[in-house]
Colleague: 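I have a structure here, written as structure tokens, and I will follow up with some questions on it.
The sequence lines fix the lettering, A, B, ..., with proteins before strands; numbering per chain opens at 1.
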There are 2 protein chains.
Amino acid sequence: MIATTSRRAPRRDSAENRESLLAAARVVFNRDPNASLETVAAQAGLSRRSVYGHFANRDDLLLELVTTGARRVASALQSVSHPDPLTRLALIASKLWREVESVRVIAVVAVRGSLAHHTADILGAIRFHVRTAISEGQADGSMRRDVPTERLARLVEETALVVLEDSTEHPLSARDGDRLAMLMTLAIVGLGWRDADAFIDSKPELAWPESQPNPGLRH
Amino acid sequence: MIATTSRRAPRRDSAENRESLLAAARVVFNRDPNASLETVAAQAGLSRRSVYGHFANRDDLLLELVTTGARRVASALQSVSHPDPLTRLALIASKLWREVESVRVIAVVAVRGSLAHHTADILGAIRFHVRTAISEGQADGSMRRDVPTERLARLVEETALVVLEDSTEHPLSARDGDRLAMLMTLAIVGLGWRDADAFIDSKPELAWPESQPNPGLRH
DNA sequence: AATAACTTGCACAGTAACGTGCAAGTTATT
DNA sequence: AATAACTTGCACGTTACTGTGCAAGTTATT
């Protein structure tokens with residue numbers, strides 16, 4: 001609780017416990033989005049009762065978790081910029097993967113569940129970003145024109161989630177996941193697979209970071 | 001209930017009511033998979049109590065619904081056969097769309113929810129069918145080789161669901177949905193969009209039925 | 001018309017959560 | 001060391017369902 005009219009400052013560990021609860025929720029809800037607060041509290045090493053000392057209710061906790069996560073993703077993706085729409089879209093896909101990878105399940109819930117509306121608000125700018133890229137790509141002929149922009153944009157978004165979901169059940173190295181996210185995005189917007197692979201390999205911006213300092217990678 | 005040791009035959013309307021309940025469940029659960037039995041019974045024009053006269057419990061009802069649906073789909077898709085793996089895959093996508101279109105939400109639940117294992121059993125043969133087509137396609141060079149067969153197969157399956165989900169929120173004519181399902185499938189397995197469109201248009205098997213008897217179709 | 005086969009409404013027990021009030025404890029801060 | 005700021009355990013009320021027993025209906029079948 002925030003003490004508004006008292007003489008003494010709030011205890012430091014209160015804020016820490018609050019963070020513990022959020023961290024615990026991130027872990028637990030990422031395993032099972034319907035887990036009870038009992039489970040979350042246990043993971044945080046606290047009692048269920050004390051959850052209510054930090055959050056009004058379950059929804060409030062989830063809301064905060066999703067909000068901060070979505071903001072983090074939004075600001076990360078917002079920074080992507082590149083003159084070529086195809087590259088830009090691939091960069092967005094790649095960065096999305098890297099940001100969300102460790103919170104896949106919650107991300108899916110945030111976008112699909114009852115907070116979808118709220119999440120959509122936060123991600124609104126990104127959505128616009130994606131739509132702009134697709135629209136430009138359709139205009140310059142680098143992306144498919146046989147599906148309307150809006151629908152294509154949604155399919156691109158959903159496909160990103162599919163890669164996330166599949167990789168949850170069938171793990172993938174971060175690097176492979178990153179590439180798969182780009183490949184599937186390019187596939188949906190219309191590139192043939194050879195073109196997509198060549199495209200990614202031709203753009204240094206799309207290369208996996210590790211390989212720069214260490215070019216002689218085995219396997 | 002089935003009377004095993006009685007003198008008189010079961011009333012005819014019992015079977016009818018059972019069907020009503022299944023039909024109601026199909027409608028209601030397709031709107032909200034978590035709807036209560038109260039809602040289902042109301043839709044069927046019966047009382048909640050009488051549901052238990054036909055089904056042991058909620059799960060039992062859902063199980064029967066999903067089982068018969070999955071069997072229907074399985075037998076429909078099983079009949080698809082074509083020497084060319086790409087055409088075969090497109091045909092499967094198309095037929096899947098047509099079979100599932102009106103039961104999209106339940107289909108998604110059946111595949112993703114707690115009955116996933118059970119559904120997977122029924123659809124096992126289809127899954128194998130899809131994997132075979134993809135494997136052949138990869139071998140003959142018509143499908144992408146940069147993603148392992150198993151993963152590509154799952155992505156194809158998931159993509160089919162994405163089209164179903166998107167069309168639930170943003171309706172599509174049956175014809176457009178059918179084509180979109182094929183296009184997205186072909187995209188995932190590696191075709192560029194122009195190739196995919198040309199491919200579909202070049203194969204009479206993949207044409208929309210209506211246009212055959214009535215070639216002069218406006219708009 | 002008799003009656004078995006169904007349906008219904010109601011009451012009740014069960015479940016698995018959520019959210020709260022309170023008294024007693026613990027701990028960081030001053 | 002005093003004390004406000006937290007945490008805890010427990011009891012309790014609430015919600016929204018599922019599933020059952022039973023007595024009193026209604027209806028298809030014979």
Colleague: Give the C-alpha distance, both sets of side-chain angles, the deciding distance and a yes or no for side chain to side chain contact (heavy atoms under 4.5 Å, CB included) between A/Arg154 and B/His170.
Modeller: CA-CA 10 Å; A/Arg154 287 198 307 272; B/His170 302 271; 3.2 Å; yes
Colleague: With a 3.5 Å cut-off and just heavy-atom distances, do the side chain of A/Arg49 and the base of C/dG21 make a donor-acceptor pair?
Modeller: yes
Colleague: It should be established whether B/Arg58 places a side-chain nitrogen or oxygen under 4.0 Å from OP1 or OP2 of nucleotide D/dG19.
Modeller: no
Colleague: Between A/Leu172 and B/Arg151, is there a side-chain heavy-atom distance shorter than 4.5 Å?
Modeller: yes
Colleague: Starting at CG of A/Leu61 and ending at C1' of C/dC18, how long is that distance when rounded to a whole Å?
Modeller: 13 Å
Colleague: Please state how far atom CZ in B/Arg48 lies from atom P in D/dA16, giving the value in whole angstrom units.
Modeller: 15 Å
Colleague: In whole angstrom, what separates B/Asp32's CG from D/dA16's C1'?
Modeller: 13 Å
Colleague: Nearest whole angstrom, please: distance from the P of D/dT27 to the CG of B/Asp13.
Modeller: 10 Å
Colleague: Which pair of non-hydrogen atoms, one from A/Val111 and one from A/Ala116, has the smallest distance, and what is that distance?
Modeller: O-CB, 3.2 Å
Colleague: May I have the distance from B/Arg18 (atom CZ) to D/dA28 (atom C1'), rounded to whole angstrom?
Modeller: 19 Å
Colleague: Quick one: is D/dT7 close enough that its OP1 or OP2 comes under 4.0 Å of any side-chain N or O from A/His54?
Modeller: yes
Colleague: Which residue is it: A/His129, A/Met143, A/His82? I am looking for the one with a side chain to side chain contact (heavy atoms under 4.5 Å, CB included) to A/Leu89.
Modeller: A/Met143
Colleague: Can you tell me how far apart CZ (B/Arg98) and CG (B/Asp178) are? Round to the nearest 0.5 Å.
Modeller: 4.0 Å
Colleague: The side chain of A/Asn17 is closest to which nucleotide in this list: D/dT7, C/dA11, C/dT27?
Modeller: D/dT7
Colleague: Should B/Val163 and B/Thr185 count as side-chain neighbours, where that means a heavy-atom distance under 4.5 Å?
Modeller: no
Colleague: If the cut-off is 4.0 Å, is B/Ser50 near the phosphate of C/dT8, judged by side-chain N/O to OP1 or OP2?
Modeller: yes
Colleague: Measure from CD on A/Glu38 to C1' on C/dT15 and round the result to the nearest Å.
Modeller: 16 Å
Colleague: What's the CZ-P distance between A/Phe55 and D/dC6, to the nearest Å?
Modeller: 14 Å
Colleague: For A/Arg12 and A/Ser36, find the nucleotide of DNA chain C closest to each by heavy atoms; which residue's nucleotide sits nearer the 5' end?
Modeller: A/Ser36
Colleague: Can you confirm whether B/Leu65 sits close enough to B/Phe29 that some side-chain heavy atom of one is under 4.5 Å from a side-chain heavy atom of the other?
Modeller: yes
Colleague: Figure out the CG/P separation between A/Asn57 and C/dA17, and round it to whole Å.
Modeller: 17 Å
Colleague: If only side-chain N and O atoms of B/Ser47 are considered, is one of them under 4.0 Å from the OP1 or OP2 phosphate oxygen of C/dT8?
Modeller: yes
Colleague: Please work out the stems of DNA chain D from pairs that are Watson-Crick or G-U wobble with both distances under 3.5 Å, keeping only runs of three or more consecutive pairs.
Modeller: C:1-30 with D:1-30
Colleague: Taking 4.0 Å as the cut-off, does a side-chain nitrogen or oxygen of A/Tyr52 come that near to OP1 or OP2 on C/dG19?
Modeller: yes
Colleague: Side-chain donor or acceptor of B/Arg11 under 3.5 Å from a matching atom on the base of C/dA5?
Modeller: yes
